[in-house]
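Taking it in order: structure first as structure tokens, then the write-up.
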Amino acid sequence: MAERLASKVAIVTGASRGIGRAISVALAQEGAAVVLAARAIDKLRETADQVTSAGGKPEIIVTDLVEEESIKNLVRVTGEKFGRLDILVNNAGVTHSAKLQETATKDWDLCFAVNSRAPFLLCRQALPLLKKSDPAYIINIASVVGVKGYPLQSAYTASKHAIRGMTISLAEELNRSNVRVHLICPGGVDTELLAKVRPDLKKQDLMQPEEIAELVLYLVTHKGIAFIDELHIRRATSVPWF
């Protein structure tokens, strides 16, 4: 079977582990060249090895999503290396768990810097490249907390509401253009990040990162005029219709 993403180029943030790693491998299996962005070089190399094993062509660009110049460098180097960008996956995220009155300003600011400001900057910087591809895709990974809230997660929840709002507005701006904008809001996925905020959840009840990667792959390979704006994905053991 022909690789459905042959000659395509993707950027995946948070590619050093978890959902980002799974998405990177899934895209590589379909022939895409994948730019792996995160801070942890050792973990990025592990992802690169998996991408290579999947038959893909990884490109590591160490990126600090808190720094605007680092984000600009990510897009610039991608353009210089490949001359194109077809898929942008804003997946990286950080979390913080505390009562609102006990949440330090620096922790609030970090959640917003990584979870909502970085995707804004990446979309802004990448759009000139993305507009040269037809079609191109922006996929923003939010969370169940992007549409609801949990106690002790005010900073994380607010930042995910922000990326959801930005995605909706961007989709309106790019409607009927060659750039498709999608949002994925997963519930509990078996990642290090979730383990920090929800240690009460049983590991066997959690979704696997590969399940989210399969949905990303569907969005970037689906043909036809049907369009999915937003996907809400929950654990089978959680309450329906979040």
Same cluster or not: are [X] and [Y] linked, directly or through other Ile, Leu, Val, Met, Phe, Trp or Tyr residues, by side-chain heavy atoms under 4.5 angstrom apart?
X      : Y      : answer
Val35  : Val77  : yes
Met207 : Leu217 : yes
Leu74  : Ile141 : no
Ile87  : Val179 : no
Leu174 : Ile228 : no

Are any non-hydrogen side-chain atoms of [X] and [Y] less than 4.5 angstrom apart?
X      : Y      : result
Val216 : Tyr137 : no
Val220 : Val89  : no
Val147 : Arg164 : yes
Ile71  : Leu65  : yes
Glu59  : Thr78  : no

Where [X] and [Y] come nearest, the two heavy atoms and their spacing:
X      : Y      : result
Ala28  : Val51  : CB-CG1, 3.5 Å
Val34  : Ser24  : CG2-O, 3.7 Å
Met166 : Cys123 : CE-SG, 4.2 Å
Val62  : Ser70  : O-OG, 4.2 Å
Pro186 : Ile212 : CB-CD1, 3.9 Å
Gln29  : Ala54  : CG-CB, 3.5 Å

Handout entry: Arg39 atom CZ, over 12 foreign heavy atoms within 6.0 Å
Key =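 Count not over threshold, so no.
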Exercise for the section: Decide yes or no on side chain to side chain contact (heavy atoms under 4.5 Å, CB included) for Asn115 and Ile163, but give the supporting numbers first. Expected result: CA-CA 7 Å; Asn115 298 346; Ile163 188 176; 5.9 Å; no
Reported [atom1]-to-[atom2] distance for the pair [X] and [Y], which is rounded to 0.5 angstrom:
X      : Y      : atom1 : atom2 : result
Leu152 : His96  : CG    : NE2   : 9.5 Å
Lys148 : His161 : NZ    : NE2   : 10.5 Å
Arg117 : Leu122 : CZ    : CG    : 11.0 Å
Ile138 : Arg180 : CD1   : CZ    : 13.0 Å
Thr103 : Gln101 : OG1   : CD    : 9.0 Å
Ile60  : Leu44  : CD1   : CG    : 5.5 Å

Exercise for the section: Before accepting this row, confirm whether a basic side-chain N of the pair Glu30/Lys8 lies closer than 4.0 Å to the acidic partner's carboxylate O. Expected result: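 Result for this pair is no, no salt bridge flagged.
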Practice task
List in chain and number order the residues that pass side-chain contact (heavy atoms from CB on, under 4.5 Å) with Val66, two or more places apart in sequence or in another chain; answer none if no residue qualifies.
Solution key: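 Partners of Val66 under the side-chain contact (heavy atoms from CB on, under 4.5 Å) test: Asp64, Leu110, Ala113, Val114.
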Problem - Ser143: partners by side-chain contact (heavy atoms from CB on, under 4.5 Å), with sequence neighbours left out - result: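 Ser143: side-chain contact (heavy atoms from CB on, under 4.5 Å) contacts with Val145, Tyr156, Lys160.
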Side-chain donor-acceptor distances from residues 14-23 under 3.5 Å, at least two apart:
from: Arg17; atom 1: NH1; to: Glu192; atom 2: OE1; distance (Å): 2.8
from: Arg21; atom 1: NE; to: Thr47; atom 2: OG1; distance (Å): 2.8
from: Arg21; atom 1: NH2; to: Ser16; atom 2: O; distance (Å): 2.8
from: Arg21; atom 1: NH2; to: Lys43; atom 2: O; distance (Å): 3.0
from: Arg21; atom 1: NH2; to: Glu46; atom 2: OE1; distance (Å): 3.2
from: Arg21; atom 1: NH2; to: Thr47; atom 2: OG1; distance (Å): 3.3

Practice task
Any chance you could lay out the side chain to side chain contact (heavy atoms under 4.5 Å, CB included) test for Cys185 and Glu230, step after step, and finish with the verdict?
Solution key: CA-CA 7 Å; Cys185 296; Glu230 183 173 11; 3.6 Å; yes
Exercise for the section: Kindly give the cluster partners of Phe112, where membership spreads through any ILVMFWY side chain lying under 4.5 Å from a current member. Expected result: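 Listed partners: Trp108.
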Practice task
Could you walk me through whether Ile139 and Asn90 pass the side chain to side chain contact (heavy atoms under 4.5 Å, CB included) test, one step at a time?
Solution key: CA-CA 6 Å; Ile139 299 178; Asn90 284 304; over 6 Å; no
Problem - Donor-acceptor contact present, side-chain His232 to main-chain Phe242, <3.5 Å - result: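 Yes; judged by distance alone, with no hydrogens or angles, the pair exists.
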Handout entry: N/O donor-acceptor pair under 3.5 Å between Thr63 side chain and Ile61 backbone
Key =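 Yes; judged by distance alone, with no hydrogens or angles, the pair exists.
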Exercise for the section: Please check if the distance between the ring centroids of His222 and Phe227 is under 6.0 Å. Expected result: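 Judged by ring-centre distance (under 6.0 Å), His222 and Phe227 do not meet the cut-off.
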Identify all side-chain donor-acceptor contacts of residues 124-135 below 3.5 Å with residues at least two apart in sequence or on another chain.
from: Arg124; atom 1: NH2; to: Glu68; atom 2: OE2; distance (Å): 2.9
from: Ser133; atom 1: OG; to: Leu85; atom 2: O; distance (Å): 3.1
from: Ser133; atom 1: OG; to: Asp86; atom 2: OD1; distance (Å): 2.9

Practice task
Could you check Asp109 against Lys106 for salt bridge (Lys or Arg N to Asp or Glu O under 4.0 Å), going step by step and ending with a plain yes or no?
Solution key: CA-CA 5 Å; Asp109 288 346; Lys106 65 179 179 62; over 6 Å; no
Practice task
If a pair satisfies side-chain hydrogen bond (donor to acceptor under 3.5 Å, both in side chains) and one of its residues is in residues 165-175, list it, with sequence neighbours excluded.
Solution key: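 Of all non-adjacent pairs touching residues 165-175, those that pass side-chain hydrogen bond (donor to acceptor under 3.5 Å, both in side chains) are Asn140-Thr167.
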